Structure formats: C-alpha cells, structure tokens
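Everything below concerns the one structure shown next.
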Protein chains: 2
Amino acid sequence: MARTAKHSKEELRDMALTAARAVIAEKGSRNLNVRAVATRMGYSVGTMYNIFEGLEELVAWLNAETLDALYEELARAPVTGKPETDLHSLLDRYLDFVTANRQGWNMLFEERPPEAKAPPAWYLEKVAQVFTLLGRMLHPLFAPGEEAELTRAVHLLWISLHGLWSLDADDKLFIVTRDPLEKTAHDMVDLYLAGLKARKGH
Amino acid sequence: MARTAKHSKEELRDMALTAARAVIAEKGSRNLNVRAVATRMGYSVGTMYNIFEGLEELVAWLNAETLDALYEELARAPVTGKPETDLHSLLDRYLDFVTANRQGWNMLFEERPPEAKAPPAWYLEKVAQVFTLLGRMLHPLFAPGEEAELTRAVHLLWISLHGLWSLDADDKLFIVTRDPLEKTAHDMVDLYLAGLKARKGH
DNA sequence: TACGTATATGAACAACGTTCAATTATCAGA
DNA sequence: TCTGATAATTGAACGTTGTTCATATACGTA
C-alpha cells in the first residue's frame, strides 16, 4: 500500500558502511562525511538520515564492526595455561590486527563523546568480552578466592595497553620512544607479568 | 610611519589565550571557535589570523601553557630517594593538577595531528622534561650502567599512565573500572614498581 | 596637510551536519 | 484502469564552521 523500498533498512546500512569504508580508504577518515558516503552508495543526503540518527551513529556502527572483527581475531589465540605464552600470543594477534586494519583501528580512538553521554550497552559488552579473554589468560597467576585481584589486574593491563594503542593511533608513540610498537608492547607485558608474579610470591 | 598597534603581538596573543580560556570555561572546549574568541577579546575574526596561523595554533598555545603549568606543579614534588614514596607523591600532584585544570588537561588529549605532521620541537622538550622527573625518581632501582633499562622503564610507566589519563579525559574510565581515578593510578604504580623490583632482584 | 604603511576589519567563500517540505513510486480499492 | 493513501526518497536550504583577502582605518613622517 505504499512505495516499496529498493533496499531494506539492513541493506541500506550495510551499503552505507561499505561506502564509508571506501571513502576512508581513499580520502582518509578525516574526510569522511555524509555527502561523500551518500554519493558513493548512490543515494541522497536525506536517505542517510533515514538510516542513521546522524554521522556519529554511522561512525559508531563502523567501530562496532571493527570491535567485532578484533574480538574474532583475539578469540583465536590459544590458551595453554602459561600466562607468558598466552599473553604474548594474544599481543601478536592485536598487533596483526592493527597493521591489517589501520584505518578502522584508528577510528576507535577518534570517537569522542559529544557531552556526558553514556556509550551504548553493546559497546560495554564488547569491551568486557576482551576482559574475559585476558582474565582467562591471567587466571593461573591467582589463587582461588582472589577474583577481585584478578579483575583489577586485568583492568590495569588493559589500561596500560590502551595507553600504547592510543599513542600509536595518534602517531605520537615516537615522541615517547623510538622502539617499534611491537617491542614496546611485549616489554610492557613482560614488566607487567613480573609485577604480578612478585605479588604472588608474597 | 604607520598605524600603531593598540597592543603588541604578545599582548594580543595573551588576550586571545585568556579569551579562549573564558570561552572554554563557559561553553566547553567543543564550542571553542575563532569568532567566539575574537568577539570576547574585542577584536575581529581577521585579527585572529594576524596572530595565529589558525585555530589549531591557538589550541597548541593553550596546550603549551597547560604543559608548562603541569611541569611546574610536578617539579615541586620532593625527591627523597625512595621510589615508592616519590612516585606516589608525584602521582598526587598529577591528580591535583587534573582536578584543578580539568578543561585544559582534557584539551591535551583532544589535540590530533591533521596528517602526518610532526609536533613542534618545544612539545617534545616539554614531554622529555617529565621523563627526566620520572627518571630521577626511578634511578635508585637501577645499577650503574643500566641507563638504557632505566630509560625504557620510564617510557613504559609514562605510556601506562597515559592510558589512564586518556581514558579519564574522554570520560571512558568507568567502562573499564568503577574504581576512582586516584585508586587506579596508585594501583598501577604499585604493580609497576613490583615488576621493576622483581627484575632487579633477578 | 597629504602620503605611505602597518594594523584591523568583516563580507564572502567553501565545506560541513542537519532538516523537512516536496516529490516520487508503489499498492489497495473502486 | 484510475485514484487516493502512504512509504520511500530527494535535494534545496539553513546555520555554523575555518579561512581568505580586498578594503578601510589611523598613525608617523615628510
């Protein structure tokens, strides 16, 4: 009883996300804008606002995809039970992902809350997923009943790594050190594990 | 032999920076723009471009001031020779500064290089200054001849803390932990020191 | 007083995100 | 087959940006 849609809402969203990635690949994420995406997907500006609340929501969807792809990659890391081995191999997956998905990875760090606006629930869940992975790997270092310490340890490690990723994404890591990202990452985990073991031994 | 300036270039720059801080205090850093600053200092838009290359340079000057103020605060921290004591008291200065200069502090983390544009030399120097402070405090934990290890340790600590500051500035720390910034910061330093001591003890 | 020039202006431009009245294309019923 | 209702799509237009630059201004000097 009405005009039929050429594409479903999901199709449109997929098309928009694909178009957006193409724009980013060609012009860089700084030049991602509504008109460019609309043109690229063969629709008008207005249609973008039928699909998304605005540009920020489109970016949020892009980041959601990136986080999913990251988790998929990380989840493949083997868990042998030896924290050193496991953490370092997890780190290698991180690093592989970063080099293979530079643009999308960097966009994660460009996202900024417009005001004091809480991130959606799914975002928290995706981050929590990664915590779970880290927790599994660090588990052997803690005695039963030390769950709180384990959780805190995971958080601290994640925050430290975030510092590294964040500097790298902003191309500012070289300000701190000339060592390559990989070396710094592994060094950080080593020092971190040394700290955890020292606590355990006492 | 010409029209005399009401204010010297330095005066104008100071007025602009003051005006900018006022705008930020009132409307938030998101609403900092050339016209608002110009109006506030009683000049026109064009004058802004006689003083600065553009808005980004104005922000860079603001950040330079913030970094100077931070260093001044940090440099006051006493160096007793006990790394735990010294690092924790340095941390308290950090935290005091953050709460006292929220807006300016947050702007440091909003600055993003437009492209692959190297930051000015003075920026690198200001960061290096902080490294020097950290290095002095960690010095007792290293034997003579271990300068390279000391340097790397300083970098790793700084990067880890950067992760924490960065999350806090973006109001995203709560995603990781519900613990307050202060507790997380001190925990991070504790774990870090434990790792360093473990390495020292072999 | 008139000229030259450093200083200051603000209209104008391009690009942006966003809105929404108008247009289009389809289907259901007459 | 025609018509009206309705959902999908459009793109002109608005407001706000950063930035430019021809113009106006006001002062020291001749």
Side-chain angles (χ1 to χ4, degrees), chain A residues 1-24 26-63 107 110-115 117, chain B residues 1-24 26-63 107 110-115 117:
Chain A
M1 50 175 184
R3 178 177 185 175
T4 51
K6 286 212 198 91
H7 303 278
S8 74
K9 218 122 198 176
E10 288 79 27
E11 279 176 326
L12 283 175
R13 199 165 47 214
D14 282 348
M15 290 167 66
L17 294 179
T18 304
R21 293 207 182 279
V23 171
I24 291 167
E26 273 181 23
K27 315 269 185 184
S29 63
R30 278 201 125 66
N31 296 90
L32 177 69
N33 61 57
V34 183
R35 285 173 179 82
V37 175
T39 303
R40 182 134 213 147
M41 68 186 286
Y43 273 82
S44 69
V45 209
T47 297
M48 295 293 298
Y49 288 85
N50 295 336
I51 314 175
F52 305 106
E53 207 175 312
L55 182 61
E56 283 197 350
E57 200 198 320
L58 185 150
V59 173
W61 279 93
L62 283 177
N63 285 342
M107 287 198 68
E110 288 170 20
E111 205 178 7
R112 291 178 182 286
E115 30 207 303
K117 189 176 166 188
Chain B
M1 50 177 183
R3 177 177 185 172
T4 51
K6 285 210 199 96
H7 303 278
S8 74
K9 218 121 198 177
E10 288 79 27
E11 278 176 326
L12 282 176
R13 200 164 46 214
D14 282 348
M15 291 167 66
L17 294 178
T18 304
R21 294 205 182 280
V23 171
I24 291 167
E26 273 181 24
K27 316 268 185 182
S29 63
R30 279 203 127 64
N31 296 89
L32 177 68
N33 61 57
V34 182
R35 283 172 180 83
V37 175
T39 304
R40 182 133 212 146
M41 68 185 286
Y43 273 83
S44 70
V45 208
T47 297
M48 295 294 297
Y49 288 84
N50 295 337
I51 313 175
F52 305 105
E53 206 174 313
L55 182 60
E56 284 197 350
E57 200 197 320
L58 184 149
V59 172
W61 279 94
L62 283 177
N63 285 341
M107 287 197 69
E110 288 170 20
E111 203 178 8
R112 292 179 181 286
E115 30 207 304
K117 190 176 165 189

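What you see is a predicted model; the values in this text were computed from it and never measured. Proteins get letters first, then strands, A, B, ... in listed order; numbering begins at 1 in each.
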Check the distance between [N]'s [atom2] and [X]'s [atom1] and give it to me in whole angstrom.
| X | N | atom1 | atom2 | answer |
| --- | --- | --- | --- | --- |
| A/Leu58 | C/dG17 | CG | P | 11 Å |
| A/Tyr49 | C/dT18 | OH | P | 4 Å |
| A/Phe52 | C/dT19 | CZ | C1' | 18 Å |
| B/Glu57 | D/dT19 | CD | P | 11 Å |
| A/Lys6 | D/dT9 | NZ | C1' | 8 Å |
| A/Leu12 | D/dA7 | CG | C1' | 13 Å |
| B/Asn50 | D/dT25 | CG | P | 17 Å |
| A/Glu56 | C/dC16 | CD | P | 16 Å |

For residues 5-16 of chain B, dump all side-chain donor-acceptor pairs below 3.5 Å to protein atoms at least two apart in sequence or in another chain.
| residue | atom | partner | partner atom | Å |
| --- | --- | --- | --- | --- |
| B/Ser8 | OG | B/Glu10 | N | 3.4 |
| B/Ser8 | OG | B/Glu11 | N | 3.2 |
| B/Glu11 | OE1 | B/Ser8 | N | 2.8 |

Base of D/dT6 paired with side chain of A/Arg3 (donor-acceptor, under 3.5 Å):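 Donor-acceptor pair under 3.5 Å: no.
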
Over 12 foreign heavy atoms within 6.0 Å of CD, A/Glu26: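 Yes, because the 6.0 Å sphere around CD of A/Glu26 holds more than 12 heavy atoms from other groups.
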
Taking OP1 and OP2 of [N], is either one under 4.0 Å from a side-chain nitrogen or oxygen of [X]?
| X | N | answer |
| --- | --- | --- |
| B/Thr47 | C/dT9 | yes |
| A/Asn33 | C/dC16 | yes |
| B/Ser44 | C/dT9 | yes |

From [options], nucleotide with atom closest to [X] side chain:
| X | options | result |
| --- | --- | --- |
| A/Leu55 | C/dG17, C/dT9, D/dT17 | C/dG17 |
| A/Tyr43 | D/dT9, C/dG10, C/dA8 | D/dT9 |
| A/Val34 | C/dT9, C/dT18, D/dT19 | C/dT18 |

Earlier contact from the 5' end, DNA chain C, for A/Gly46 and A/Arg35: A/Arg35

pair A/Leu17-A/Val37: side-chain heavy atoms closer than 4.5 Å: no

Whether B/Arg40 side chain and B/Arg35 backbone form a donor-acceptor pair below 3.5 Å: no

Flag, side chain of A/Thr47 to backbone of A/Tyr43, donor-acceptor distance under 3.5 Å: no

Sugar-phosphate only, base, or nothing, as touched by A/Gly54 at under 4.0 Å among non-hydrogen atoms: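 The residue A/Gly54 makes sugar-phosphate contact but no base contact.
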
